[in-house]
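Hydrogens, waters and symmetry mates are skipped; everything else that's a heavy atom, side chains included, is used. Keep in mind that this is a model prediction, so the values were computed, not measured.
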Amino acid sequence: MRILVVSDTHGDLYSLQKAVMRQPTAEVVIHCGDGEEQAQWIRDNFKDKMVISVKGNCDWGSSLNAIEEITLEGKKILITHGHLFNAKLTLQNLYYEAKDKKADILCFGHTHIPKEIYEDGIYMFNPGSCCGYNATYGYIDITPQGIVTNILKVM
């Protein structure tokens, strides 16, 4: 199963469209916050895809949850934006939250810096910011052989 992961679109529908179109086999799209309207655009235009999104610090007035947990292909995925865990200062709080929740994969954003970290059985994945000239996004493949993460530039 392929999962497209984006974050911090900040209104950049153009970059988001390119990311979604470049991953046509992705069955699930995870939006890690700061782009509630763009996540809704995916729901409206790609009805065949499951879309999970969380509230970011710039999603003012959002009714989305700040944290979501889902299980796909037997792997527990924890999704958050990162601001509630001080992600710009340290990843330790996010790591402990994922460990506490027994997550296999943690998807987060907020820092605008792409990260792929594997530590003690947890994949910590930040696709970066899908906004502007240096826009990035990522995908996660869950296969019988294991989990693979990848980060790509939109351009």
Would you indicate whether the side-chain heavy atoms of His83 and Asp34 approach each other to under 4.5 Å? no
Checking side chain to side chain donor-acceptor pair (under 3.5 Å) for the pair Ser62/Asp59: CA distance, chi angles, key distance, verdict? CA-CA 6 Å; Ser62 173; Asp59 290 320; 5.4 Å; no
Under the 3.5 angstrom rule, does the side chain of Thr143 hit a backbone N or O of Gly146 as a donor-acceptor pair? yes
How long is the straight-line distance from OG1 of Thr149 back to CE of Met124, given to the nearest 0.5 Å? 12.0 Å
Linked, directly or transitively: Val148 and Leu4 (ILVMFWY side chains, under 4.5 Å): no
Tell me whether Tyr139 shares a hydrophobic cluster with Met21, the cluster being built from Ile, Leu, Val, Met, Phe, Trp, Tyr side chains joined at under 4.5 Å. yes
I'd like to check the salt bridge (Lys or Arg N to Asp or Glu O under 4.0 Å) partners of Lys102; sequence neighbours left out, ordered by chain and number. none
My understanding is that a hydrophobic cluster links ILVMFWY residues whose side chain heavy atoms are under 4.5 Å apart, including indirect links. Using that, what else belongs to the cluster containing Val54? Met1, Ile3, Val5, Val28, Ile30, Met50, Ile52, Ile70, Leu72, Ile77, Ile79, Ile105, Tyr118, Tyr123, Phe125, Ile140, Ile142, Ile147, Ile151
Evaluate the criterion side chain to side chain contact (heavy atoms under 4.5 Å, CB included) for residue pair Lys153 and Tyr137; output intermediate values, then yes/no. CA-CA 6 Å; Lys153 286 190 168 230; Tyr137 68 96; over 6 Å; no
Using the side-chain contact (heavy atoms from CB on, under 4.5 Å) definition, which of the options Ser53, Ser7, Cys130 pairs with Cys32? Ser7
If hydrophobic clusters are built by linking Ile, Leu, Val, Met, Phe, Trp and Tyr wherever their side-chain heavy atoms come under 4.5 Å apart, do Val29 and Leu13 end up in the same one? yes
When rounded to the nearest 0.5 Å, the distance separating OH of Tyr96 from CG of Leu106 is 14.0 Å
Taking only residues two or more places apart in sequence or in another chain, which ones pass salt bridge (Lys or Arg N to Asp or Glu O under 4.0 Å) with Asp48? none
When every non-hydrogen atom of Lys18 is compared with those of Met155, the smallest separation belongs to NZ-SD, 4.0 Å
Has Ser15 got a side-chain atom pairing as donor or acceptor with Ala135's backbone, closer than 3.5 angstrom? no
Determine, step by step, whether His81 and His31 satisfy the ring-ring contact (aromatic ring centres under 6.0 Å, His included) criterion, reporting the C-alpha distance in whole Å, the side-chain angles of both residues, the deciding distance to 0.1 Å, and the verdict. CA-CA 9 Å; His81 184 58; His31 195 301; 8.7 Å; no
Pairwise distance CG(Leu84) to OG1(Thr80) - rounded to 0.5 angstrom: 5.5 Å
CA sep, side-chain torsions, deciding dist, call: Glu27, Arg2, side chain to side chain contact (heavy atoms under 4.5 Å, CB included): CA-CA 6 Å; Glu27 299 171 51; Arg2 177 155 292 184; over 6 Å; no
Atom CG of Leu16 and atom CD1 of Ile42: how far apart are they, to the nearest 0.5 Å? 4.0 Å
Arg43 meets the salt bridge (Lys or Arg N to Asp or Glu O under 4.0 Å) criterion, sequence neighbours left out, with none
Hits for side-chain hydrogen bond (donor to acceptor under 3.5 Å, both in side chains) against Glu69, two or more places apart or cross-chain, chain-then-number order -> Lys76, Lys101
Path from Val20 to Val51 over hydrophobic side-chain contacts below 4.5 Å: yes
By side chain to side chain contact (heavy atoms under 4.5 Å, CB included), which residues pair with Asn126, not counting sequence neighbours? Phe108, Thr111, Lys115
With Thr9, which of Gln38, Glu36, Glu37 fulfils side chain to side chain donor-acceptor pair (under 3.5 Å)? Gln38
Evaluate the ring planes of Phe46 and Trp41, with Trp represented by its six-membered ring, and classify them as parallel (under 30°), tilted (30 to 60°) or perpendicular (over 60°). perpendicular
Yes or no on side chain to side chain donor-acceptor pair (under 3.5 Å) for Glu97 and Asn93, after CA distance, side-chain angles and deciding distance? CA-CA 6 Å; Glu97 181 71 11; Asn93 299 330; over 6 Å; no
How long is the straight-line distance from CG of Asp8 back to SG of Cys58, given to the nearest 0.5 Å? 8.0 Å
